[in-house]
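Counting starts at 1 for both ligands and their atoms, in listed order. Because the structure is predicted, anything quoted here is derived from the model rather than measured.
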Amino acid sequence: MAQGQEEQPRDERNPGVPLDLGWLREVHVNRSAVERRAATLPARRTVKREWQAAWLLRAITCLDLTTLAGDDTPGTVRRLCAKARHPVRSELLEALGVPEERIQVAAVCVYHNLVSVAVAALRGTQIPVAAVSTGFPAGQIALEQKLAEIAASVRAGAREIDVVISRAHVLTGNWQALYDEVRAFRMACGEAHMKTILATHELATLRNVGMASLVCMMAGADFIKTSTGKEAVNATLPVGLVMTRAIRDYYERTGYRVGLKPAGGIRSAKTALDWLILMKEELGDEWLNSRLFRIGASGLLSDIERQLSYFVTGHYAAAHYNPLV
Ligand SMILES: O=C[C@H](O)COP(=O)(O)O
């Protein structure tokens, strides 16, 4: 944080700052150093067995429980919302001594046409609905349509909006265009929190990932998110490392904390723990909560529940006992 700058109150949103091209020019990424560090992260800090259940429950509270499939129906969204209300079987929580009301997912994430179904299904809970808007996943529609999608999602009750950036702005180095686009998204979101999806695998270089991360934060992103889940490669630790370093840099210079959301292909409890370790190592305990960390996943919860069951009973439950979420 710049000298003399006030500490950001914990709940204050990042308002964004003017685009600073000089700052972007300072971004350098040494790919092999990043890959080396990312490879050692999981090994550096294995979670002790007695803490594993607590870490897994923490991962659930940071989970954006997601369904983003072509065959989504109101019925599948309602089932997902029922799971969001009770992500872990009562008897497991009881055995772990954790009150049921303490464990809820962070959000339910759906396509924007299904927002109203999810909002209705989650009524009476604090769980927000997140909508993927702006021409998800490719973002290849006109800006006016993107803004209209955001507005429609907000009207339908989404309290969080996951937007995709135009990869072309990054690939052509048009940082002003990227800044203006994300700024317009943020204005359209209003009070809804905005997660900016970088689709990192389509940005060509890790330096581009670092620069795009900064531009999105300068334009007022509440979160930066790795992937849509639809790219050929989605959330990876090297990309996460570059993004957490950008978040740290942004915090040190502006005093504003921005969150990270890895998403796409995170299906095992072990991978979820790796991401928690990355956050702890790179950004500290301050970031280990749903205000600043989310995991976007459609198929992770069942493995976490399986591992919790193993922790409690000492053996894995038969497959037919595990939920299909
Ligand atoms: O934003 C979330 C992702 O689309 C989820 O991807 P996934 O289905 O690979 O877990």
Q: Please state whether the rings of Tyr111 and Phe136 are parallel, tilted or perpendicular, taking 30° and 60° as the class boundaries.
A: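 Rings of Tyr111 and Phe136: perpendicular, as their planes differ by over 60°.
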Q: Could you check whether the rings of Tyr310 and Tyr316 sit parallel, tilted or perpendicular, using 30° and 60° as the cut-offs?
A: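 Answer is parallel, since the angle falls under 30°.
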Q: Please name the residue in the list Lys230, Glu231, Lys225 that meets the side-chain hydrogen bond (donor to acceptor under 3.5 Å, both in side chains) test with Thr228.
A: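 Single side-chain hydrogen bond (donor to acceptor under 3.5 Å, both in side chains) partner of Thr228 among Lys230, Glu231, Lys225: Glu231.
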**Q.** Pair Asp72, Thr67: side-chain N/O donor-acceptor within cut-off below 3.5 Å
**A.**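 Looking only at side-chain atoms, Thr67 and Asp72 do form a donor-acceptor pair, the distance falling under 3.5 Å.
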Q: Enumerate the protein residues lying less than 4.0 Å from ligand 1, judged by heavy-atom distances, in chain and residue-number order.
A: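 Lining ligand 1 at under 4.0 Å, by heavy atoms, one finds Thr66, Leu68, Lys225, Thr228, Gly229, Ala263, Gly264, Gly265, Arg267, Gly296, Ala297, Ser298.
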Q: Could you tell me whether Arg167 atom CZ has more than 12 heavy atoms of other residues or ligands within 6.0 Å of it?
A: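 Yes, enclosed.
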Q.
Among residues at least two apart in sequence or on other chains, which ones pass side chain to side chain donor-acceptor pair (under 3.5 Å) with Arg36?
A.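 So Arg36 forms no side chain to side chain donor-acceptor pair (under 3.5 Å) with any residue.
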